[in-house]
Trainee: 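Below you will find the structure I want to go over with you.
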Protein chains: 2
Amino acid sequence: MASLFREAFPPAVSIMPGSQRASRSVVVDLIAVLAAVTAGEPRVMTVTKGSALPSGPFELAHRSLQQGLRDWVEQQTHHPLGYVEQLYTFADKDRADADTAPRTISISYLGLTREHDAAEAGWHSWYEYFPWEDHRAGPPPVIARVLAPALAAWAEDASTAGMRSERRLRAAATFALDGARWNEELTLQRYEMLYEAGIVAERLRREGHSEAGGAGRPMIADHRRILATGIARLRAKIKYRPVVFELMPPTFTLLQLQRCVEAIAGRTLHKQNFRRLMEQQELVEETGGTTSESLGRPAKLFRFRHAVVEERALAGTKLPLAPT
Amino acid sequence: MASLFREAFPPAVSIMPGSQRASRSVVVDLIAVLAAVTAGEPRVMTVTKGSALPSGPFELAHRSLQQGLRDWVEQQTHHPLGYVEQLYTFADKDRADADTAPRTISISYLGLTREHDAAEAGWHSWYEYFPWEDHRAGPPPVIARVLAPALAAWAEDASTAGMRSERRLRAAATFALDGARWNEELTLQRYEMLYEAGIVAERLRREGHSEAGGAGRPMIADHRRILATGIARLRAKIKYRPVVFELMPPTFTLLQLQRCVEAIAGRTLHKQNFRRLMEQQELVEETGGTTSESLGRPAKLFRFRHAVVEERALAGTKLPLAPT
DNA sequence: GTGCTTATGCTCAGTATAAGCATATGCCAG
DNA sequence: CTGGCATATGCTTATACTGAGCATAAGCAC
C-alpha cells in the first residue's frame, strides 16, 4: 500500500503547465483577502472595481506560498503587511463560474495591514458585500425584509417535513431569527446558506437566472465565499490572539481600539468592560501622551506591548485539568 | 520581481488556463492525517511501516478536495470517516527531501474515525513520533534528558546576546521549561523549534548528517510536520467544538469519553469537573443502560446529543458585548 | 458482612463576566 | 466664568464559571 490515493484513482494528476493534458488543465492560484480598518469601516482590497479579490498564479520561484504573498502585497501597496495566515484551499468543481473554465486550485490567504488613506483605490467595506453582517446599529433591516422571507421559502421548498424543519432550525440559529442570539463568527455559514437557498447572485448566475435580487454585492467566481472565510477567521481570531494591533497605528486610544474591534466583529461592545479586559490582559501600555482629536475629555494614548507575545504562550485551556 | 500575482493585475482577474507557465512541473498531492483513539492511545494511520502519512495525487474527477479524500479513506479503511477538515497547504521549497524533486503542493486534511481494532495495520500512536507530547503520566523524561539540553545548546549557539536570550525565552515558554505552564496546543511550534534546533532526524537528514540522535520517530519529507499540525489542530478544536464524539463508539461512559480527551490532549483531567462540564453543556444524554466492563460501580452509558449542533450555533463570545 | 474499586453527587472559595452607576476632564455657548 | 455637553475613566454589584476537594453510592471478591 505504498501510494494510497494512487490505487483508488487510477491516473496520477500532475499539473504540467502547458502540457498536452487534453481538455482541461489545473491552475494554482493565490488569492488574498487583505484587510484594513479605516474610518471605522473594515475594508478589503479588491481589483476590477470591487468585483474580485487580488489574485494571481503561483510562481515556482517563491520560497514559500506565504513569502510570495508577502512580497507581492508589500510591493503593490507599499504598506508593510503585518500578519499573514493561510485561509483555505479551494478546488471545488461546482464553484467555477462556468463548467468550461479550467480546474483551479485556489490557495487563499488572509493578510492584515495598517490603517491607510481611506480614499485609496481598491478598498471597499466588507459590508458592501455582506450587508447582513453589520450589527453595530442593530440588526440590519435586510435580514427581516429580504433574507428571512427568502430563507423561509427555501425551507418550505424542501421535500420532506424533516428537512423543512431542519432547514428552519438551521436558518434560525445561523441568522438569529426567532429570538436566537446573533453569532458574528458564522459569516461563512451564512453566506453558504444564502448560496444554497439561491439568494445570492453568484448562485443565480450559475443557474443561468437573472442576478437581480441577489443580496449584497456579488463578486466573480467564488471570491465572495473566500472573503466570507476571511471575515469569519478574523472575527474568531481576534478573540484569542492579539491580531487587532496589526490593524492599528502604533499608538491609539482605547476607544479607537474598541471601534476597530467593533468594525471587525460587526457588533458594539461594552466600553468599560472592554477597557478592563485590555488592561487586565496587559496587552497595552500607556505612552504617556494624550489626544484630543474630538470633543470631550482627552484620551490617553496606548501602545501594544509586543513583549506579551513572547512572555506567555497564549491560549486559554478550557479543559478541566487535574491538579498536577 | 516577476509578478507572482499578475502584474498589478489591471485587467480582469479571470483565471487563465495553464499557458506559458514555468518550466518545472507542479504536483498536487493530498495528504491525510487520519486519527482514531483505541485502547487509550491516540493513533494515526500510516503507510510504509509507519514512515509516511497516506497520500496520493489529486484527481480532477473529484467534485471537491474533501470529497476525494472521503471517498478514498472509506474505500481503504471500510470505516466511515466522521469528520474531515482541511489542515494546511504546503508548498515550501526547502521542505522537500531533495531539491531535485518536482515542486509539490501538498494539501493536508485531518480526518477523524471511530474506534476500530487496535491491532489493525498501519495505525501508530502519535506519541511514537512525538514522545515529548504525552504528559498524562507527568512530563516525559525525554524533555529534561534530551530536549532541554539540546535546546539550551541551540540557544547558546546564536550569534548575539539578544538572540540567545530570545531563544531561551521561547524555548522555555514552548516546552514549559523553567516552571512555565505546559500548553498542549503548541505541538507544531515545538516540532518546528526542534527542527530549527537540529534535534529531529528530518533536519539532520537534510543537512546530510547522520540521523542518529534525532528525537522521536521520523517520517519522510515533511510528514511529521503535517502530523504535528493535525495534532495541534485537534487539540485546539476539541475545546470548542464537539468533535470528540467522532472518535467514540455510539454509546460510552463518561470515563471512556474522558480517557479519549486525555489521550488527545496528552494530559489528565479532573474527573468530577470534566463530568460537570459535559452535563452542563448538555452534549450527552443517558441511554438508560449501564456497563460493568471493569471493577467497581457500573457506569451509566451515554450517547452524544446530535441535536445540540443544530440547536445552538456554538462558540463562546469572549467579547464584552454591549447590552442590546 | 468487610474491604476494594469505580461512579456519581455536592460544596466552597476564588475568579471572571455582564451591567450599571459615578466621577473626571476637556470644550463651548452664553 | 459658569452651566451644559461630550467623552474618558473609575468603581460596584450580582451572577456565572472554575479549580479543587470531600462525601456517598453501587457493584464485586472474599
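So that the names make sense, note that chain A is the first sequence line, chain B the second, and so on, each numbered from 1. Remember, it's a predicted structure, so these values are computed and weren't measured experimentally. No hydrogens, no waters, no symmetry mates; every other heavy atom, side chains included, goes into these values.
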Trainee: Return the value, rounded to whole Å, for the distance between atom CZ of B:Arg275 and atom P of C:dA7.
Mentor: 8 Å
Trainee: What's the CZ-P distance between A:Arg297 and C:dA22, to the nearest Å?
Mentor: 17 Å
Trainee: List for me each residue that meets salt bridge (Lys or Arg N to Asp or Glu O under 4.0 Å) alongside A:Glu184, sequence neighbours excluded, and say none if there are none.
Mentor: A:Lys239, A:Arg267
Trainee: Return whichever of B:Leu321 or B:Lys300 has its heavy-atom-nearest nucleotide of DNA chain C closer to the 5' end.
Mentor: B:Lys300
Trainee: Which residue, B:Ala299 or B:Ala322, contacts DNA chain C at a nucleotide closer to its 5' end, judged by nearest heavy atom?
Mentor: B:Ala299
Trainee: With the threshold set at 4.0 Å, does a side-chain nitrogen-carboxylate oxygen contact exist between B:Glu185 and B:Arg235?
Mentor: no
Trainee: Expected output is a numbered-order residue list: members of residues 253-274 of chain B with a heavy atom under 4.0 Å from any atom of DNA chain D. What is it?
Mentor: B:His270, B:Gln272, B:Asn273
Trainee: According to salt bridge (Lys or Arg N to Asp or Glu O under 4.0 Å), who are the partners of A:Arg259, at least two apart in sequence or on a separate chain?
Mentor: A:Glu262
Trainee: For residues 264-305 of chain A, which residue pairs qualify under ring-ring contact (aromatic ring centres under 6.0 Å, His included), counting only residues two or more places apart or in two chains?
Mentor: A:Phe245-A:Phe304, A:Phe304-A:His306
Trainee: Using 30° and 60° as the class limits, which term best fits the ring planes of A:Tyr129 and A:His124: parallel, tilted or perpendicular?
Mentor: perpendicular
Trainee: Ring of B:Trp182, cation from B:Arg190 - is the NZ or CZ under 6.0 Å from the centre and inside 45° of the axis?
Mentor: yes
Trainee: Taking side chain to side chain donor-acceptor pair (under 3.5 Å) as the test, write out the residues that go with A:Glu85, two or more places apart.
Mentor: A:Tyr83, A:Arg233, A:Lys237
Trainee: Please report the distance, rounded to the nearest Å, between NZ in A:Lys239 and P in C:dA16.
Mentor: 20 Å
Trainee: Going 5' to 3' along DNA chain D, which are the first and last nucleotides with any atom under 4.0 Å from a heavy atom of chain A?
Mentor: D:dA6 to D:dG21
Trainee: What integer distance in Å separates A:Gln280:CD from C:dA18:C1'?
Mentor: 13 Å
Trainee: Salt-bridge test for A:Arg241 and A:Glu246: reply yes if a basic N is under 4.0 Å from a carboxylate O, no otherwise.
Mentor: no
Trainee: Test for a donor-acceptor pair under 3.5 Å between the base of C:dA18 and the side chain of A:Arg276, counting only N and O atoms.
Mentor: yes
